[in-house]
2 protein chains.
Amino acid sequence: MQENYGLLRQHFEEIVDLTDAEWEQIAPHFEYRKLKKHQFLIQTGQPVECEFWIISGLVKSYAIDQKGNEHILQFGMEQYWVSDYFAFQHQLPATIFVDCIEDSEFFCLSLESRESICQQIPAIANFYRIKSNNGFINLQQRILSLLTLSAEERYDELLNKLPKLLQRVPKKLIAAYLGVSRETLSRFKN
Amino acid sequence: MQENYGLLRQHFEEIVDLTDAEWEQIAPHFEYRKLKKHQFLIQTGQPVECEFWIISGLVKSYAIDQKGNEHILQFGMEQYWVSDYFAFQHQLPATIFVDCIEDSEFFCLSLESRESICQQIPAIANFYRIKSNNGFINLQQRILSLLTLSAEERYDELLNKLPKLLQRVPKKLIAAYLGVSRETLSRFKN
């Protein structure tokens with residue numbers, strides 16, 4: 001467990017500097033959780049108590065439309081943060097699902113804890129500022145891709161950006177992420 | 001001009017508290033700029049020196065695809081922040097356009113200035129953290145809409161969220177935002 005906390009501290013320190021005293025204030029706010037493949041981290045209609053930092057494993061966040069089709073918002077692997085951020089921030093019931101594609105381990109942080117450490121430790125406020133800003137930029141690029149590129153071009157983009165992730169994600173989920181059928185995806189691969 | 005700086009301070013203080021001394025450190029980093037309707041704030045291939053806070057007016061940010069079609073990423077009005085954030089953050093040439101739908105006034109903040117005030121003043125780090133997080137949430141909701149809703153449902157959503165903005169935006173631009181023709185949009189309105 002000490003090792004997992006070490007990984008988390010290292011993740012923060014890739015972006016900001018922390019003293020030992022600051023880290024001792026931060027660490028107790030993170031609660032360890034372990035889930036098996038196919039278990040849910042977040043389910044629609046349920047409260048969203050945490051945002052999650054992935055220690056190990058692989059998850060997907062997705063919505064189900066009125067026709068029952070699954071639309072994948074995000075894949076998340078080691079060192080990714082994941083939640084239903086709208087529901088988490090506004091303390092409303094979830095509107096998306098997050099479940100595990102592999103057995104996974106997480107650290108959970110409540111909204112109250114996040115606000116508290118951001119107010120107490122300026123380096124942490126800067127960490128989440130930079131992380132949120134990077135997340136915002138990634139989503140802006142994804143919207144531009146959705147608006148301007150074909151599914152095949154978006155597949156090439158994904159291969160270039162996240163080659164390691166793609167090796168771990170089943171093909172049918174990549175198809176759901178791109179919004180195409182499994183058959184169409186297999187044509188791209190040639 | 002004093003009045004414009006007052007508006008900006010008020011905008012920060014809706015989210016965080018600032019002392020007069022802090023404000024005196026912050027304000028000189030913001031440079032005033034005024035543009036006419038149709039003038040460009042950002043053009044593809046050019047450096048992106050600033051992010052912009054809109055004092056008054058209305059802008060759109062958009063990409064042009066390989067076929068020459070315009071895809072609107074965002075409309076921005078009073079109190080909105082706008083930039084090509086990918087290019088701004090990485091100090092790369094712009095890949096989108098931002099131009100004025102109305103005569104507009106802005107405050108410009110360089111990346112160096114933003115980092116400097118965030119490091120010096122924890123309240124400002126928290127301000128941008130919360131703003132970026134809200135922006136991230138909005139984009140996540142927009143992606144969910146793009147993935148799961150029809151153009152007509154997205155139009156209804158836009159009407160509910162931003163009724164005042166929609167009154168000021170020409171119909172052909174709303175059609176470009178939704179990714180439908182002007183004719184299709186006019187059918188939605190019934």
Side-chain angles (χ1 to χ4, degrees), chain A residues 16-17 51 61-74 81-90 95-96 111 114-115 118-150 153 176-179, chain B residues 16-17 51 61-74 81-90 95-96 111 114-115 118-150 153 176-179:
Chain A
V16 294
D17 294 324
E51 65 172 332
S61 62
Y62 58 103
I64 307 279
D65 68 19
Q66 288 178 339
K67 291 176 191 153
N69 297 315
E70 182 176 322
H71 301 274
I72 294 179
L73 187 60
Q74 194 200 343
W81 294 84
V82 66
S83 193
D84 177 339
Y85 278 101
F86 178 78
F88 175 66
Q89 191 66 37
H90 301 289
T95 61
I96 61 173
L111 184 63
R114 196 186 63 185
E115 291 309 305
C118 284
Q119 295 303 332
Q120 285 164 29
I121 303 164
I124 292 294
N126 272 304
F127 173 85
Y128 283 108
R129 172 180 71 82
I130 291 162
K131 274 292 180 192
S132 285
N133 192 44
N134 291 345
F136 178 85
I137 289 169
N138 284 337
L139 293 186
Q140 209 166 53
Q141 296 305 106
R142 173 132 189 241
I143 290 175
L144 281 173
S145 300
L146 281 170
L147 294 175
T148 64
L149 300 181
S150 68
E153 288 166 326
Y177 180 87
L178 295 170
Chain B
V16 294
D17 294 323
E51 65 172 331
S61 63
Y62 58 103
I64 307 281
D65 68 19
Q66 288 178 338
K67 292 177 188 151
N69 297 315
E70 182 176 321
H71 301 275
I72 294 179
L73 188 60
Q74 192 200 346
W81 294 84
V82 67
S83 193
D84 177 338
Y85 279 101
F86 179 79
F88 175 66
Q89 191 66 36
H90 301 288
T95 59
I96 59 172
L111 185 63
R114 196 186 63 184
E115 292 307 306
C118 283
Q119 295 302 332
Q120 285 164 27
I121 303 164
I124 291 295
N126 272 303
F127 174 85
Y128 282 108
R129 172 180 71 82
I130 291 161
K131 275 290 180 194
S132 285
N133 193 43
N134 291 344
F136 178 85
I137 289 168
N138 284 336
L139 293 187
Q140 210 167 53
Q141 297 304 106
R142 174 130 188 245
I143 290 175
L144 282 172
S145 300
L146 281 170
L147 294 176
T148 64
L149 300 181
S150 68
E153 287 166 326
Y177 181 87
L178 296 170

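All values below come from the heavy atoms of this structure, side chains included, with hydrogens, waters and symmetry mates left out. Fair warning: this is a prediction, and the values are worked out from it, not measured in the lab.
Here the straight-line distance linking atom CG of B:Asn134 with atom NE2 of A:His90 works out to 6.5 Å at 0.5 Å rounding. The structure places CD1 of B:Ile130 at 13.5 Å from OH of A:Tyr128, a figure rounded to the nearest 0.5 Å.
None of B:Ile137, B:Leu144, B:Asn138 except one satisfies the side chain to side chain contact (heavy atoms under 4.5 Å, CB included) rule with A:Phe86; the exception is B:Ile137. Tested against A:Leu147 for a side chain to side chain contact (heavy atoms under 4.5 Å, CB included), the candidates B:Ile72, B:Asn69, B:Leu146, B:Asp65 yield a single pass: B:Leu146.
The candidate with the highest count of non-hydrogen atom pairs below 4.5 Å against chain A, out of B:Glu115, B:Lys131, B:His71, B:Lys67, is B:His71. Contact count against chain A (heavy-atom pairs under 4.5 Å) is highest for B:Leu73 among B:Leu73, B:Ile64, B:Val16. For the set B:Ala63, B:Pro122, B:Cys118, the entry with the most heavy-atom pairs within less than 4.5 Å of chain A is B:Cys118.
Contacts between B:Glu70 and chain A at a heavy-atom distance below 4.5 Å are absent for every atom of the residue. Contact of B:Gln140 with chain A is made through backbone and side chain together, with heavy-atom distances under 4.5 Å.
Applying the side chain to side chain donor-acceptor pair (under 3.5 Å) criterion to A:Tyr177, with sequence neighbours excluded, gives A:Arg142. Taking the side chain to side chain donor-acceptor pair (under 3.5 Å) definition, one finds that A:Gln89 meets it with A:Arg114, B:Asn133, sequence neighbours left out.
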